[in-house]
There are 2 protein chains.
Amino acid sequence: MTDRVVPPAARQRRRPTKQGVVLSPELIVETALRLIEEHGADALSVRRLGRALGADPSSLYRYFRHTDDLMLAVADELIGRTLRTWRPTGDWLADLRDLGLRMHAGALAHPRAAMLSAHRVTGRVHEIQAVESILGVLRRAGFPDPEAVRIYHAFVDQALAFGALDSAGTALPRAAREAEAEVWRSTYGRLPADTHPHIAATASRLVATMRSSSYPAALELLLTAARTHLDHVRAGTGE
Amino acid sequence: MTDRVVPPAARQRRRPTKQGVVLSPELIVETALRLIEEHGADALSVRRLGRALGADPSSLYRYFRHTDDLMLAVADELIGRTLRTWRPTGDWLADLRDLGLRMHAGALAHPRAAMLSAHRVTGRVHEIQAVESILGVLRRAGFPDPEAVRIYHAFVDQALAFGALDSAGTALPRAAREAEAEVWRSTYGRLPADTHPHIAATASRLVATMRSSSYPAALELLLTAARTHLDHVRAGTGE
DNA sequence: TCCACAGGTCAACGGTGTTGTCATAAGGTG
DNA sequence: CACCTTATGACAACACCGTTGACCTGTGGA
């Protein structure tokens with residue numbers, strides 16, 4: 001068996017499985033996404049996916065070389081979906097905020113895929129489109145090129161990094177997540193003021209905010225800083 | 001078997017394994033860290049760790065409830081190592097910048113462990129120390145509590161998130177990393193100006209910066225925004 | 001010296017990704 | 001229609017994985 005994966009173009013014999021399902025890469029990716037959404041990230045295994053599809057697990061290896069390959073296909077589908085719903089308005093600040101939140105939400109909707117694909121450069125159409133759009137927003141807003149590239153880089157990496165970080169959180173088994181919440185409540189909520197004054201003074205706030213993502217706040221900070229830079233640029237040119 | 005883990009204080013009978021090794025939580029954590037760095041994150045399994053230690057895998061359950069518990073201990077050890085070299089000076093901006101860069105560097109020094117532990121709350125000594133220190137820096141600088149907590153959260157998560165993201169990059173096999181660089185050079189460096197004007201205009205800059213981490217830039221943006229907020233607070237109180 | 005028991009070991013369970021081999025039905029051809 | 005090729009699904013097996021219950025043994029305190 002050199003390679004059991006047949007290129008899509010060569011596929012023709014649509015032979016149904018024992019349970020009457022006709023497999024296809026699209027159907028497999030869709031089912032994987034559905035499985036993740038409905039039963040949590042750890043519900044995705046080749047065997048479970050096979051069961052959900054009504055096919056033998058090993059059949060999937062006719063379509064994807066291995067699990068990683070499948071996850072990348074899922075991730076690619078996600079990029080497409082995120083970008084497809086973004087409608088830039090011309091207000092650079094609002095547009096970037098909107099896109100950032102969309103990217104983050106997209107990642108959280110499919111944690112496993114986000115974690116696997118956050119650090120990979122695909123060089124595919126959707127990714128290129130995204131780069132062009134974001135750079136366009138920044139340059140039209142008046143950022144000089146070096147600044148635009150720097151902010152673009154920080155913006156994208158921040159969205160991806162937080163997406164992956166928060167995804168990892170939601171991808172945890174239920175028991176582990178509850179354990180974390182309990183740690184915040186019982187450990188950080190009860191430290192005495194004489195040994196840990198700063199934690200004690202802010203404990204309730206800490207416990208309350210720790211369970212939510214800090215991405216919106218971090219995004220806002222990034223955008224604030226960007227606007228500050230832009231103000232300086234404009235002041236410099238005498239506007 | 002209600003609970004086979006004995007609290008450290010009660011431990012006394014240092015009985016060697018068949019192969020003559022005397023186990024301890026510290027030895028196990030160190031070996032785990034070494035295993036992760038040398039053979040990749042996937043190399044860390046209870047069974048492999050047992051083998052590396054010269055002990056039966058099930059012995060480890062006398063020291064850690066389950067694998068997750070062990071990972072948290074590894075994560076806390078990493079935090080401790082980072083914090084131990086940090087010397088705050090009293091200048092909040094410089095101190096946070098220094099700590100952020102240290103955390104990022106620490107993550108890159110142990111990429112695989114960083115990726116595994118970035119998203120976990122350990123609730124252990126070193127982590128608690130870190131929280132207390134950072135909150136202290138912010139509150140002494142004059143940030144009101146809600147602001148301090150928000151910035152603390154964003155600061156820490158950003159450092160962890162970028163640490164994990166950049167770690168993932170360096171943890172890639174050499175071939176994959178070169179393939180990514182090639183994608184940037186050949187794909188993004190050659191897009192025509194009429195279809196992708198913004199990428200074409202900034203191509204050389206894009207290709208040049210893409211291979212380095214954007215964390216320093218993102219950190220700087222976050223700190224800039226924090227200072228802006230602080231200025232507003234001070235102006236508000238009439239200083 | 002004795003003995004309680006901490007702590008190491010063994011075997012087993014149900015899960016995982018992956019692959020070598022086989023069976024068969026679909027589709028093209030005459 | 002019958003025939004042949006072969007894409008593709010199914011099966012069984014392999015080597016792992018985390019975890020646990022039962023067992024055994026040597027250590028340290030009294």
Side-chain angles (χ1 to χ4, degrees), chain A residues 1-28 31-32 35 39-72 112 116 171-173 175-176, chain B residues 1-28 31-32 35-36 39-72 74 116:
Chain A
M1 184 185 46
T2 51
D3 190 357
R4 68 199 332 169
V5 175
V6 171
R11 297 191 170 274
Q12 39 193 1
R13 312 217 179 157
R14 323 287 40 231
R15 177 184 183 175
T17 70
K18 248 186 179 175
Q19 302 182 35
V21 184
V22 176
L23 294 179
S24 71
E26 292 78 19
L27 180 63
I28 295 175
T31 308
L35 215 55
H39 304 293
D42 41 351
L44 189 67
S45 72
V46 178
R47 299 175 115 98
R48 258 193 244 250
L49 183 52
R51 223 177 299 138
L53 280 162
D56 189 90
S58 65
S59 297
L60 306 186
Y61 288 86
R62 298 269 181 221
Y63 296 84
F64 301 96
R65 250 181 286 279
H66 39 243
T67 320
D68 230 53
D69 208 19
L70 169 61
M71 288 315 305
L72 283 186
R112 267 275 184 75
L116 277 173
L172 282 179
Chain B
M1 184 185 44
T2 50
D3 189 358
R4 67 198 334 170
V5 176
V6 171
R11 296 191 170 274
Q12 38 194 0
R13 314 223 177 153
R14 324 289 35 231
R15 177 183 185 176
T17 71
K18 247 183 179 177
Q19 302 182 34
V21 184
V22 176
L23 295 178
S24 71
E26 293 77 20
L27 180 62
I28 295 175
T31 307
L35 216 55
I36 291 174
H39 302 96
D42 298 344
L44 188 66
S45 72
V46 178
R47 299 173 116 99
R48 257 193 243 247
L49 184 51
R51 224 178 298 137
L53 280 162
D56 189 272
S58 64
S59 299
L60 306 186
Y61 288 85
R62 299 268 182 221
Y63 296 84
F64 300 95
R65 250 181 289 278
H66 38 242
T67 321
D68 216 57
D69 208 21
L70 169 62
M71 279 318 305
L72 290 184
V74 170
L116 284 177

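What you see is a predicted model; the values in this text were computed from it and never measured. Reckoned from all heavy atoms, side chains included, excluding hydrogens, waters and symmetry mates. Proteins get letters first, then strands, A, B, ... in listed order; numbering begins at 1 in each.
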Interatomic distance where [atom1] belongs to [X] and [atom2] belongs to [N] [whole Å]:
{"X": "Leu35(B)", "N": "dC17(D)", "atom1": "CG", "atom2": "P", "value": "11 Å"}
{"X": "Leu23(B)", "N": "dT9(C)", "atom1": "CG", "atom2": "C1'", "value": "12 Å"}
{"X": "Lys18(B)", "N": "dC10(C)", "atom1": "NZ", "atom2": "C1'", "value": "9 Å"}
{"X": "Ile28(B)", "N": "dG7(C)", "atom1": "CD1", "atom2": "P", "value": "11 Å"}
{"X": "Leu53(B)", "N": "dG8(C)", "atom1": "CG", "atom2": "C1'", "value": "13 Å"}
{"X": "Leu49(A)", "N": "dG9(D)", "atom1": "CG", "atom2": "P", "value": "13 Å"}
{"X": "Arg15(B)", "N": "dT27(D)", "atom1": "CZ", "atom2": "P", "value": "8 Å"}
{"X": "Asp56(A)", "N": "dT8(D)", "atom1": "CG", "atom2": "P", "value": "16 Å"}

Distances for protein N/O vs nucleotides 15-18 of chain C N/O pairs under 3.5 angstrom?
| unit_1 | atom_1 | unit_2 | atom_2 | d |
| --- | --- | --- | --- | --- |
| dT16(C) | OP1 | Ser45(A) | OG | 3.3 |
| dG17(C) | OP1 | Val46(A) | N | 2.8 |
| dG17(C) | OP2 | Val46(A) | N | 3.1 |
| dG17(C) | OP2 | Arg47(A) | N | 3.4 |
| dG17(C) | N7 | Arg47(A) | NH1 | 2.3 |
| dG17(C) | O6 | Arg47(A) | NH1 | 3.0 |
| dT18(C) | OP2 | Tyr61(A) | OH | 2.8 |
| dT18(C) | OP2 | Thr67(A) | N | 3.1 |
| dT18(C) | OP2 | Thr67(A) | OG1 | 2.6 |
| dT18(C) | O5' | Tyr61(A) | OH | 3.4 |

Provide the closest heavy-atom pair for [X] versus [Y] in the form atom of the first, atom of the second, distance.
{"X": "Pro25(B)", "Y": "Tyr63(B)", "answer": "CD-CD2, 3.7 Å"}
{"X": "Thr31(B)", "Y": "Ala52(B)", "answer": "CG2-CB, 4.1 Å"}
{"X": "Ala55(A)", "Y": "Thr17(A)", "answer": "CB-CG2, 3.6 Å"}

Regarding Thr17(A), tell me which of base, sugar-phosphate or nothing describes its non-hydrogen contacts under 4.0 Å with the strands shown.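 If one applies the 4.0 Å heavy-atom cut-off, Thr17(A) turns out to touch the sugar-phosphate alone, with no base involved.
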
Asp68(B): side-chain contact (heavy atoms from CB on, under 4.5 Å) partners, not counting sequence neighbours: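 Applying side-chain contact (heavy atoms from CB on, under 4.5 Å) to Asp68(B) gives Ala176(A), His66(B), Arg120(B).
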
Given dA10(D), is OP1 or OP2 found less than 4.0 Å from the side-chain N or O atoms of Ser59(A)?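 For Ser59(A), the contact criterion (side-chain N or O under 4.0 Å from OP1 or OP2 of dA10(D)) is met.
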
Under 4.0 Å: is that the gap between some side-chain N or O of Tyr63(B) and OP1 or OP2 of dG7(C)?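 So the side chain of Tyr63(B) is outside the cut-off, no N or O lying under 4.0 Å from OP1 or OP2 of dG7(C).
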
Got a second to check how far Leu44(B)'s CG is from Thr67(B)'s OG1, nearest 0.5 Å?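 Answer rounded to 0.5 Å: 8.0 Å.
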
Side chain of Pro16(B) only, please: which of dC10(C), dT27(D), dG7(C) is the nearest?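 The answer is dT27(D).
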
Can you tell which of dG9(D), dA10(D), dT9(C) lies closest to the side chain of Ala55(A)?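 Minimum distance to the Ala55(A) side chain belongs to dA10(D).
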
With the side chain counted from C-beta on, respond yes when Ser59(A) and Leu23(A) share a heavy-atom pair under 4.5 Å apart, and no when they do not.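 SC-SC contact between Ser59(A) and Leu23(A) confirmed.
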
Output all residues satisfying side chain to side chain donor-acceptor pair (under 3.5 Å) with Ser58(B), sequence neighbours left out; order by chain, then residue number.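 Scan of Ser58(B) (side chain to side chain donor-acceptor pair (under 3.5 Å), adjacent residues dropped) gives Asp56(B).
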
Heavy-atom donor-acceptor pair, Arg62(A) side-chain to dG9(D) base, under 3.5 Å: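 Pair found.
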
